[in-house]
Structure formats: C-alpha cells, structure tokens
Amino acid sequence: MSGFTAPHCGSLRASDAGKEVELYGWVARRRDHGGVTFLDLRDRWGIVQVVVRTASVASDVRGEYVVRARGAVRRRPAGAENPKLATGDIEVDVEELEVISKSKTPPFEIEDDVAADEATRLKYRYLDIRRPKMARTLELRHRVVQAIHRYMSAREFIEIETPMLLKGTPEGSRDFIVPSRLHPGEFFALPQSPQQLKQLLMVAGIGRYYQIARCLRDEDLRADRVVEITQLDVEMSFCTEEDVLGLIEGLWASVWKDVLGIDIKTPFPRLDMQEALLKYGTDKPDLRYDLVIADVSDALRETSATVFRSALDAGGVVRCFSVPGGKDMSRRELDELALMAKGAGAKGLAWIPGPLDRHLAEGEVSAIMAAAGAGVDDLVLVVADRRRKAETVMGLLRREIARRRKLARQGEWQFLWVYPMYLFEEDDQGNLTYGHHPFTSPWPEDMDLLGTRPYDVRARAYDCVLNGVEVSGGSIRIHDRELQERVFEILGMSREKIRAQFGHLLDAFEYGVPPHGGIAAGIDRLMMAIIGTENIRDVVAFPKTQSHQDLMLGAPSPVDQALLDELHIKVVPPTKPS
RNA sequence: GGUCCCGUGGUGUAGCCUGGCCAAACACGCGGCCCUGUCAAGGCCGAGAACGCCGGUUCGAAUCCGGUCGGGACCGCCA
C-alpha cells in the first residue's frame, strides 16, 4: 500500500476505531515513559497520538523524523481522552514503526506559538510551513480562491490569462523589467496589473473577464505589502458602479458563507473619500472601533496658543479625537505617541487635559472636548498641521490607540465602500496626478470642472475596505477616446508620450468600445483580514523581506557573465558617495 | 530618500541606561539515565554563546562612541 492513499494522521476519528491503519507523518513530540512511549504524529491534517509499547522501537525516533507507523486505531482508555486534539478520542496502537527519514534538530520549535525571529523562519520556510497554523492558512487561502472561481464562473465570467511580459510604462509603480535577448537594449516589464489588457478584452467583446493574477511592483515594502501580489482581477462591460459593487458584495458574502460559514450583511455602508479622511484620517478606516476624528479649526481661529495659531495661519487645520478613559494614560505613553506623531512628520502632539491647557481659553478647551465628544475620564489628542499631514497623523494615532487599548471588536466583519473618490490628487511636488489610475471615468456631473477645478472632480472609483484593510478597488473606465486623451493631457502628458505609451489603447477605442468598468481585489490582504493578522507574510507561502530578498533561496543573486553578455547587459557597480 | 526599534548558546529572553562582581543568567529545546498512560509528561545529570561584524574610547566593553551588515515598524513611495 502506498503512503499516498493511507489515512491522514489528523483525520482519524472515533468512528475509525477498530481499523488497522498505516500512518505516515512527522514526529511532533515524543513522551517516553520507559515501558510505554507516546509519539505525536503530524501531517497537514493534524496530529494523532500513537502508542509504542516496545521501548527499543521508539528509542531511536526523534523530533521531525518521518516515520511509517502501522497499527490499530482504538478508543483511548476512559479518562485518557485529550479534548485539545481533534483526534483526541482515539490513538493508534503501534505494531510496526519504521523510520523513513531522519531529521536534524530544527532551528526553531515547530508549534503554533513560535516566537522565532522572522528571518530564521523565512530562511527555513519549509519548516515554518510545517506549523499547523501556517498549513491551515494556506489551505484556507486555497478554499477562498476556489470559492471565488465558483462564484465568478457561475456568473458567466471567464478566466483569461494575460502575458507576464508586457510593455514598460513610466506611470504608476516602478516596473520590474526583463531584458530582451533578441532586441538589445530593450526590455519587457512584468505586470503591475493586467489593467490595459482587461480593458482591451472588453473592446474584444468578452464582456465578463476575471483572472487570479500575479502582479509585481518594485516598491518599498510595508507590513501589508509584498512585491508579488495575487489579485482577483475583474472587468465587465455595459455596467455601472452598482453592478460592480453588487457583484463584489455578493462575492464576499458567498466566500464568507462557503469558506467560513458566516453570513455577512449586504449591501455594505458607503463613505465618500472626504468624509473618510476627516472622520478616520485614512482612506481605509477600521470601523470595528469608534474613535471619530473632529475638526476644531474654527473653534480655535482666534486662539492665543501659538502651536495651533501658526498652523491655522499657514492654512492648516486642527484635528482631534477622544480616547475613552484616556485620563489614565501615563506621561511615558503620551510621549511615545508624540514620538510616533513626529515620526510621521507632525510638528508635535497635544493632549487635553495637558500642559497646553494654560495657553487655551476656557471656551476653547470646552469646545475641543465637546467636538471630540469627550467626557470627564477621557483624554483628547490634538494635532495641528497641513490638512493632509494632520489626516495622516490622526489616522495613525487612531489606529495605534485602538491597538494599544484593544478597542477593535473581535469577530466583526466591517466592510465598507469608500465611494466616490477623487479623480486627481496633488503629489509631493504639488503637481496634479491621478487618484486611482488614468483610465478612471470622471463623475458625469463634474465634467465641466475638468478644466477649471480638477481637484474637485469626483471619480467613478471605489475601494472596498474590510476591518481597516483595503481589500479591493476599481472604477468605471473612460470608454471615449477624446475624453481619455483629455485626461492624459490634464495629467501633463505630451501628445508624443500619449501616443508612445497608450497608442494601442486609443487605437482600440476607435473600433467600438463598450462602456466598461471593473475592480481588483488583493487576495493577500483579504487573507490578512480573514485570519486577523497585520503581517502579510503570514498569508504568503514564500514571502520576501522588506529589502526584497528571499532568505531561503538567497535571491537575488549574481548571474554568469556569459548570460549577461548574451543579454547585452553591463553591470555598473554603485559608486559610494564620498 | 528619511525616521525609529532590534541583533547575546539551537530558540526566546535577562544583563546594556548607571563599563569591572559576566568566559554571561533563566526558560524551552538538545544529549544521557530512570520511569507502563502521557499529551507543554515528570525526575536526576549534562553539553552548549567570548555577546552580528569592523574600528574607536578606556587600565578594563556584551555594556559607551562611530561605521557596516542583517531583520522589523513607519513616513515618502505603492496608477
């Protein structure tokens, strides 16, 4: 009999009692009592206890050895059941035990609550994945993706693969590029997303497209970002926002039902961008806790407190929110928060009651308290700065307070749509840039603002946020060649550049374009929300580090000079600034 | 591009602020012995780190300073 068809260690139940089985697995733990030895045998499905009564057989078995154990499943003696194990009602009485392969002592213990350094875990990822929690997460991820396939397929969406080797573009994120051997000095770009291809599929008349696609962006990493993301990419023709939002609400409801057995409420609440930034200081608010931010700029217009006054005079804002029961926060904790605010670029952090009170008029203090909705036991955190900076800092503090004081209500699934958003944003240099991407359709009623007040033009764009994680985002696209060209021009692109970068799309738009729109959902972030982690590496089998390294494979690495020559590539080592 | 945190046996931590009492403590793991019912088994015994690396200060550095490498968090960036 092959081990492949043998029962799984973790799948045995009381109903299997009496069966003669052969088990294959890893030794998770050995408890040697002299006359009798218990081995916990682990496979992807779980752990089962096997009992070895021949001391000599068990004595040379060690942790992480791969073994074959043959014996009879039987109910455990009364009182010896282990309710902590799914297999805890039974055990396997070993008649034959064979060591298939030995193991060195692993660099960290293979158990769910490992505290091993993440670098070590990444180097030995194959051991890390042996941890039941990791294996469960990967299996859950598979089930989520399968549920997505079923749902999309049932609605007549078809999965179409798009190329990995695309044309580079200076827009958006930095491209990963691949040298062309046959075209010296020219490069392909790996996809940041199949955006243009899926729009072209709409021109092609496909109507309903989806793909579970890998996308690569060469950007600096964060706790919630990886280099290679997996996204559900969707595009559909003749649709409105309501069609897309409804489709995705139905999708999440279906995934939650099928995979988690949970009913979630649809439709999801909606919040426009402006309100999200004001009340939560972020475009992806976590609604599992309250902490609503208030603007108190007007109340402090005449204040004599210099910190607020100078910010307001410079055209900035003063924002605050109340920390319930925050009066008990220590000076040390407040200093930590202030340090964090400064780290995010704020000039400082004020709190009420606090040292700044004496610079404020009586009425100003009470106005702030009232706006924040603060009671006598509460503490109000106040930041004065340029609007965008104040929003960022308040959002950061709001999240930090919730984390420190464990304010997020567990077990809640707080979905929401941020919609509508804005078509354009201001970049660091004060230049106009797109908010979502340059193919996003302007809000019809705002069309005449395009030439005059572009920043006020709303976009037919939407983000779906779950528990503070942006899980998807998309838009209704421009399907008119002239409007598309106009938007490119407002973005400051020359005719020549438009031609070179997007000529294929504009050409296609001359052959009958259906109105279309779509959305992309990040599977990695979705999984983060589902398992409740803030570390995206927890949901990826083989993730890279913050500096884009694969510690297990040792990638990136140099390649043979011969290969470089063939690709017409010359490496210029970085010069150190003196 | 920037700010911050971390780097001590196989693993996780303590020690570092206030240099010498630290060839460094504790727990887990590991090795040996004992033990027929445990399941984080238990008991006894034992091995194992000159403190990421380089340089400096000092009579003396795990402890102070500079640099460097590695990991992480955040700002910028991420259409």
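Chain A is the first sequence line, chain B the second, and so forth, proteins listed ahead of strands; every chain is numbered from 1. Only heavy atoms go into these numbers, but all of them, side chains included; no hydrogens, no water, no symmetry mates.
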Worksheet item: Contact class for Arg74(A) vs. all strands (heavy atom < 4.0 Å): base, sugar-phosphate, or nothing?
Response: base

Worksheet item: Any N or O donor-acceptor pair linking the side chain of Arg62(A) to the base of G31(B) at under 3.5 Å?
Response: no

Worksheet item: Between C39(B), C78(B), C75(B), which nucleotide gets closest to the side-chain atoms of Ala80(A)?
Response: C39(B)

Worksheet item: Between C74(B), A40(B), C78(B), which nucleotide has the shortest distance from any of its atoms to the side chain of Arg29(A)?
Response: A40(B)

Fill in: Assigned partner base of G46(B), Watson-Crick or wobble definition, under 3.5 Å
C30(B)

Fill in: Val36(A) side chain, from C-beta outward: closest of G76(B), G31(B), U36(B)
U36(B)

Worksheet entry | N/O (side chain, Lys123(A)) to phosphate O (OP1/OP2, G71(B)) under 4.0 Å | no

Discussion item. Strictly below 4.0 Å: does Thr37(A) bring a side-chain N or O up to OP1 or OP2 of U36(B)?
Written reply: no

Item to complete: Please name all residues satisfying ring pair (Phe, Tyr, Trp, His ring centres under 6.0 Å) with Tyr419(A), sequence neighbours left out, ordered by chain then number.
Response: Trp443(A)

Practice prompt. Provide the Watson-Crick or G-U wobble partner of A25(B), both distances under 3.5 Å; none if there is no partner.
Written response: U13(B)

Worksheet entry | Glu219(A) with Arg225(A): basic N within carboxylate O range, under 4.0 Å | no

Discussion item. Can you give me the closest heavy-atom contact between Leu201(A) and Tyr209(A), atom names plus distance?
Written reply: CD1-CD1, 3.5 Å

Worksheet item: For the side chain of His33(A), counting heavy atoms from C-beta on, which of G72(B), C78(B), A41(B) is nearest?
Response: A41(B)

Discussion item. For Phe424(A), give me all partners under ring pair (Phe, Tyr, Trp, His ring centres under 6.0 Å), at least two apart in sequence or on another chain.
Written reply: none

Worksheet item: Taking a pair as Watson-Crick or G-U wobble with both distances under 3.5 Å, which nucleotide is matched to C64(B)?
Response: G56(B)

Worksheet item: Counting only side-chain N and O atoms of Arg76(A), is one of them less than 4.0 Å from OP1 or OP2 of U38(B)?
Response: no

Practice prompt. Would you indicate, yes or no, if A41(B) has its OP1 or OP2 atom less than 4.0 angstrom from a side-chain nitrogen or oxygen of Arg31(A)?
Written response: yes

Practice prompt. For Glu91(A) and for Asn535(A), locate the closest nucleotide of RNA chain B by heavy-atom distance; then report the residue assigned to the nucleotide nearer the 5' terminus.
Written response: Glu91(A)

Worksheet entry | Nearest listed nucleotide, side chain of Arg537(A), among C78(B), G71(B), G72(B) | G72(B)

Worksheet item: Is the shortest side-chain N to carboxylate O distance from Arg76(A) to Glu81(A) below 4.0 Å?
Response: no

Worksheet item: Does the pair Asp16(A)/Arg13(A) count as a salt bridge with the N-to-O cut at 4.0 Å?
Response: no

Discussion item. For a quick check, with a 4.0 angstrom heavy-atom cut-off, what is the B/S/- contact string for nucleotides 3-10 of chain B, read 5' to 3'?
Written reply: -------S

Dump the pairs, protein N or O against N or O of nucleotides 49-53 of chain B, anything under 3.5 Å, distances to one decimal.
none

Worksheet item: Just to confirm, is there a sub-4.0 Å distance from OP1 or OP2 of A73(B) to any side-chain nitrogen or oxygen of Gln546(A)?
Response: yes

Practice prompt. Report the nucleotide, chosen from G71(B), C75(B), C35(B), that has the shortest atom-to-atom distance to any side-chain atom of Asp32(A).
Written response: C35(B)

Worksheet item: OP1 or OP2 of C74(B) sitting under 4.0 Å from any side-chain N/O of Arg225(A)?
Response: no

Discussion item. If the condition is side chain to side chain donor-acceptor pair (under 3.5 Å), which residues does Arg477(A) pass it with, not counting sequence neighbours?
Written reply: Glu235(A), His437(A), Ser475(A)

Worksheet item: Are any of Arg222(A)'s side-chain N or O atoms less than 4.0 Å away from OP1 or OP2 of A73(B)?
Response: no

Worksheet item: Hey, is the side chain of Asp220(A) pairing donor to acceptor with the base of G76(B) inside 3.5 Å?
Response: yes

Discussion item. Pairing check on A73(B): which nucleotide meets the Watson-Crick or G-U wobble criteria with it, both distances under 3.5 Å?
Written reply: U3(B)

Discussion item. Does any part of the side chain of Asp463(A), heavy atoms only, come nearer than 4.5 Å to the side chain of Ser472(A), both counted from C-beta?
Written reply: no

Review item, side-chain donor-acceptor pairs of residues 501-509 of chain A, under 3.5 Å, at least two apart:
{"residue": "His504(A)", "atom": "NE2", "partner": "Gln196(A)", "partner atom": "OE1", "Å": "2.5"}
{"residue": "Asp507(A)", "atom": "OD1", "partner": "Arg499(A)", "partner atom": "NH2", "Å": "3.2"}
{"residue": "Asp507(A)", "atom": "OD2", "partner": "Arg499(A)", "partner atom": "NH2", "Å": "3.1"}

Worksheet item: Whom does C39(B) pair with, Watson-Crick or G-U wobble, provided both distances fall under 3.5 Å?
Response: none

